Structures are given as C-alpha cells and as structure tokens.
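These figures come from a predicted structure and were not determined experimentally.
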Amino acid sequence: MKSFVLILLFVFQDIVPNTDQVQQDSITSIELQAPKKQRTGLPVSTDSTIYLYHGQGPYSLEERADLVTERIASISQGKIAASSLKVSETEVSHDLFYNGELIMSIQDIDAEALGLSKAAAANYYKNLIVQQTHKEESVPLDIQSLLINIGIALVIIALFFFGLKYFNRLFRLVYMKVHGQKGKFFNGFSVKNYQLLTAEKQVLFAIYIVKGIRIAVLVLIIYLLLPVLFSLFPWTRDIANTLFGYVLDPLKDIGLKFIDFIPNLLTIVVIILVVRYILKALRFFKDEVARGKLELPGFYPEWARPTFNIVKGLIIAISFIAIWPLLPMSDSDIFKGVSTFVGLLVALGGAGAISNVIAGLVITYMRSFKIGDRVKIGDVMGDVKEKSLLNTRIKTIKNEIITIPNSQMLNSHTINYTTANDEDGLILHTTVTLGYDVPWRKVHEVLIQAALDTEFVKKLPKPYVLQTSLDDFYVSYQLNARTREIHKMAVIYSEMHKNIQDLCAKEGIEILSPHYGAHRDGNHTTIPEEHLPKDYTAPWFRLKQE
C-alpha cells in the first residue's frame, strides 16, 4: 500500500504547480500596457476594470458588454494564468480564447479607441482579464474556515484508510469464493475431446480478473478523492478542477456525441428493420420456389437458393452503403486509409476466389448437374456430393473425394449420366474387334445375346450392334445396351464383357485382331521408264545357302 501511495505521489507531482513560478507568472501577466489615449467606455460589470468602447456586429455596446461579462464569469472559477489565454490572429480581428472558448474579439475600431495596435489591444485586454480574476480570488480565507477545511480533509483521509481495510477484506472474501467454485461453476472447458481450459486455469483466470477490478476500483476512488481534498483549499482548487476535468470532459464529450448520434442511430435501426423484413419475405418465396409450390415460367427450383443469395448480398451491400455515412468516425482519414488498404489486399489476393465464384454462378444457371448426379468432368467420373460457389466435390466409384475448382470446370466439358437416364435409359457401349473371316451376322447375334444375358440391362429397347469401322486387319463391332442403373455402370460393363467372352467361345469365335502380310518383288526401281536406260534389268534376289 505504501508503494502504491508513492506511485500516486509521483504521478501527481507534475500536476501541482510551483508556487514561486505561479507568483512570478502572475506578476508578469498583470503588467498592463497603458493605452496611449483613453475614451469614455462601458465597463463589462459594475466593479470591472475592463472597458468596451464600441458595439460589434449585431451586438450593441451594452449587449456586447453583457456577453463578455457572461463569458468571463463562466471561466473565472479560480485564478486564470496568462498562459491559459490564447490570442488567435485573423485578418479581421484578434480573438481571445480560453481553453478553446471565445471570450472576446478585438477589431480595428477597438484598438483605435485605445490608441493601440490590434495585437497590443488584445494583450491589454488579456492582462485585464487575468488581473480581474486574481483580484476576485485574492480574498483571504479566514482562519476558522481554514481549520474547518483541514479537519474535513483529515476526516476524509481517515475514512479512506479505515475503509481501505474493509475494502481489502472484501476482495479477500471474493478470492475465497472464487476458489470455492472449483469443481462447481468452474469445471473446465473442452472442445470435443480436447480440453481447452482446466478447472485450475479457469480459477486462475477469474482471480486475475478480480484483481484487475480491485486495482481499477482503488485507483478510481483515489482519483475521485484527491480532487475533493484539493477543492477544500484555494491554492489547490485549480488542481481539483484539472483532475475533475480529466474525467468529466471526456464523459461530457461522449455524452454530447451520443446525443448528436441519436438521429443517425434511429435511421440505422429503421434501415436494419426494413432490410430484415425484406429478406424474410424473399426467404419465404425462395422456399416456396425450391419446394415446387410456386412455379415461375423459365425459372427452375434449383435456381431459388443461389438467386436468393445474390439478391440478399446486393440488399445487404446497399444497406451497408446507406448506413456507413451515418456511423461515427466514418469520414476519418485514418479509417479511410485502412479500409482502402484492406480493399486492395482483398482485390489482389482474391482474384482466383472471385473467378471461382463467378464460375460457380454460371454453372448453377447452366444446370449442368445437381447434387447426386453421376457425372464425368474431364477425366474424373463420380457422384456430385457438394456444390458451392468456390468448388464442387465429386465422389468417385473408388470412394475418393475429388475437389474441382469451379473455374476449371467452366473450362472443361461435363458429361451428365443421370440426365440421360431420365429418358429411355443410359446407353452403355463397348467395342470388340474381330477378323474379316467371321460372319458379321453371327457376330451381331452373339453380342446382342451377351447384352441380354447381362443383369440390369433393359430388354426393350433391344440392344443393337454398330460396325463402326472396317480397318486394315479387322472389323470394329460396337455393342450398345440401355440401363437404368447408372450407379452400377462398372458392374454392368464387367458382366457384359464376361458374357461376350463366354458366348464367343461357345460359338467358336476367336476374339483377336489378325494381321496379314504379303511379300512383293520390290527390286525394280521406281524411276519413271522414260528416264531408265534401254537395257535396264531389275536385279534378282540373292539367296545364299550354307
């Protein structure tokens, strides 16, 4: 506690003014510069030495005197040092300010009445105000009042130290109560299987908070107690006013700013309420369209959610633009710079993400696929498990989850097997190459029968065979069969290939692609006849037998 008091004394030692310095400043500040000529003027009050000689602007001489009297009375709560009065020079006048509040303006006509320049006249009135406030505060305090104030100060100090004892006891009791809540209120904090905070750490954290509150309350009590003590004595009253000002002035500014903000706050509340109910109405229509209860011409149910999100984002953006100028400090240069910097970072770092978002919207309105469809995107084939603005997740037949960026999907082709299944079924096809020596009619019968013997293949429409090419050594036969079980494509293909092998073997058809070769006499030159000698003879093969 002693160390804490020493710290407070160290903090407030700069606030207490130097008596000798104040006295010297006061003597210097009240040295008046006598005017070169004196005219009959009007004092600002009956006992004042401050005279005015002309009216100013819309104010007559009497009105101006009353106004200056009110302003001096509002600031003369104690002695005023010359350093507290500031002169602001403009082309029209020299204005006298006290702590940012205008006291009076000195123009050419006022300076001419005193026979001084505007700067000298401003300094003259400044010194008069300082002298008058010193005169008002120079009334000596009688001994009886001084002794009473000293007694009051001692009682306040005694009560403070007496209360400090119970103040510390109170917080010791609070510490004990906090420790007693271990295992009751403080049971630890876990996220799934990870214990983020144990009960001991929670108790320790609560103790730190209570200690911080104790120190803050104690500092506040002392801070409010010191001005009360200083206000009991005339020579320390300025210190009391200063200390109270440190607390009351910010609170006053906050209160005034809050009062000024109330109309804007009401406007913001109205905007938020209107936007909220608009979004509720749009969400209702979105749900109705998505469930198919509300049908709009040319608008598909799967478009309901993305369209709602787009409209919702636009409405929120417009409302934010409307609310932003109404917020406090919205026109601050620092805040503008920070918001510009953040926007630049988002623009530079989010180019890829924005392209994926745009591609996701385009894909949604293209209706290429929906959740659950069996698709093939590029070289990836599987079922669509998730579709978002940034990417699409595909689950392959090997149970692999592949994430494809939407921008990449937009630049590649997409095959939707589920859409084809909505008509007469998906056509599965496979190609077999056989030699020219096998009759094609027999091949057709065998392949069609192999398809009909395959499970999950539709009997009607009947499978059919296409001869897709007549190659150099074989014929390509393409077997086509329909199915509704698109999620069993791999199994159907496997069974169909097994049946083709079995039936071809049963019918004596050898599944191969024969190659034929022929030897021709190529010794004769390819030079045209008219360019050959008349006695040219093609050379013979040279055969050698060992």
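The closest side-chain donor-acceptor pair between S105 and D95 falls under 3.5 angstrom. In this model, a donor atom of one side chain and an acceptor atom of the other lie less than 3.5 Å apart for N406 and T392.
Qualifying ring-ring contact (aromatic ring centres under 6.0 Å, His included) partners for F167, counting only residues two or more places apart in sequence or in other chains: F171. A search for ring-ring contact (aromatic ring centres under 6.0 Å, His included) contacts involving Y166 returns F162, not counting sequence neighbours. Taking the side-chain hydrogen bond (donor to acceptor under 3.5 Å, both in side chains) definition, one finds that D373 meets it with N416, sequence neighbours left out.
Taking every heavy atom of both residues into account, L102 and M104 meet most closely at CD1-O, 3.7 Å. Residue N149 comes nearest to L232 through the heavy atom pair ND2-O, 2.8 Å, listed as atom of the first residue, atom of the second, then distance. Residues V384 and K370 come closest through the heavy atom pair CB-O, 3.7 Å. Listed here is the closest heavy atom pair of V178 and F186: O-CE1, 3.9 Å.
The shortest side-chain heavy-atom distance between I371 and K387 falls under the 4.5 Å cut-off. With contacts defined as side-chain heavy-atom distances shorter than 4.5 Å, the pair I222/F160 qualifies. Looking only at side-chain heavy atoms (C-beta outward), F369 and I415 stay at 4.5 Å or farther from each other. Side-chain contact between L52 and V68 is present, with at least one heavy-atom pair separated by less than 4.5 Å. Proximity of V203 to Q181: side-chain heavy atoms (C-beta onward) are nowhere separated by under 4.5 Å. For the pair I268 and L327, the minimum side-chain heavy-atom distance is below 4.5 Å. Residues V87 and N123 have side chains not in contact (no heavy-atom distance under 4.5 Å, counting atoms from C-beta outward).
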Test E400 against K395 for salt bridge (charged side-chain N to carboxylate O under 4.0 Å, His left out), laying out the working first.
-> CA-CA 5 Å; E400 300 169 333; K395 184 178 181 181; over 6 Å; no
N264/I262 under side-chain contact (heavy atoms from CB on, under 4.5 Å): CA gap, chis, key distance, verdict | CA-CA 5 Å; N264 292 344; I262 288 178; over 6 Å; no
side-chain contact (heavy atoms from CB on, under 4.5 Å) between I157 and L229, intermediate numbers included = CA-CA 9 Å; I157 294 172; L229 294 175; 4.1 Å; yes
Test log, rule side-chain contact (heavy atoms from CB on, under 4.5 Å), inputs H179 and I207 | CA-CA 8 Å; H179 281 289; I207 291 295; 3.9 Å; yes
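Side-chain N or O atoms of D110 include none that pairs as donor or acceptor with a backbone N or O of I106 at under 3.5 Å. Between the side chain of S93 and the backbone N or O of E89 there is no donor-acceptor pair closer than 3.5 Å. At distances below 3.5 Å, at least one donor-acceptor pair connects side-chain atoms of N168 with backbone N or O atoms of L164. Under the 3.5 Å distance criterion, the side-chain polar atoms of T307 are left unmatched by any main-chain donor or acceptor of A304. Without hydrogens or angle criteria, N391 side chain to S388 main chain gives no donor-acceptor distance under 3.5 Å. Put simply, the side chain of K312 never gets that close to the backbone of L282: no donor and acceptor are under 3.5 Å apart.
Annotation: F97, atom CZ; neighbour count of heavy atoms from other residues, nucleotides and ligands within 6.0 Å is above 12. Residue-environment remark: CZ (F205) stays at or below the threshold of 12 foreign heavy atoms within 6.0 Å.
For the atom pair CD (Q202) and CD (E200), the distance works out to 9.5 Å, reported to the nearest 0.5 Å. In this structure, the separation between CD1 on I152 and CD1 on I150 is 10.5 Å, given to the nearest 0.5 Å. Taken to the nearest 0.5 Å, the CZ atom of R169 stands 4.5 Å off from the NZ atom of K165. Rounded to the nearest 0.5 angstrom, K286 NZ and R291 CZ are separated by 9.0 Å. Atom CG of L218 and atom CG of L225 lie 10.5 Å apart (nearest 0.5 Å). Here I148 contributes atom CD1 and I143 contributes atom CD1; the two are 11.5 Å apart, rounded to the nearest 0.5 Å.
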In a table with atom names and distances, give each donor-acceptor pair under 3.5 Å that connects a side chain of residues 374-382 to protein atoms at least two apart or in another chain.
unit_1	atom_1	unit_2	atom_2	d
R374	NE	D383	OD1	2.5
R374	NH2	H487	ND1	3.4

Solution key, residues 271-281 side-chain donor-acceptor pairs under 3.5 Å, sequence neighbours excluded:
none

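Within the structure, ring-ring contact (aromatic ring centres under 6.0 Å, His included) pairs that include any residue of residues 301-330 comprise F299-W303, Y300-W303, W303-Y365, F320-W324, W324-F335 (at least two apart or interchain).
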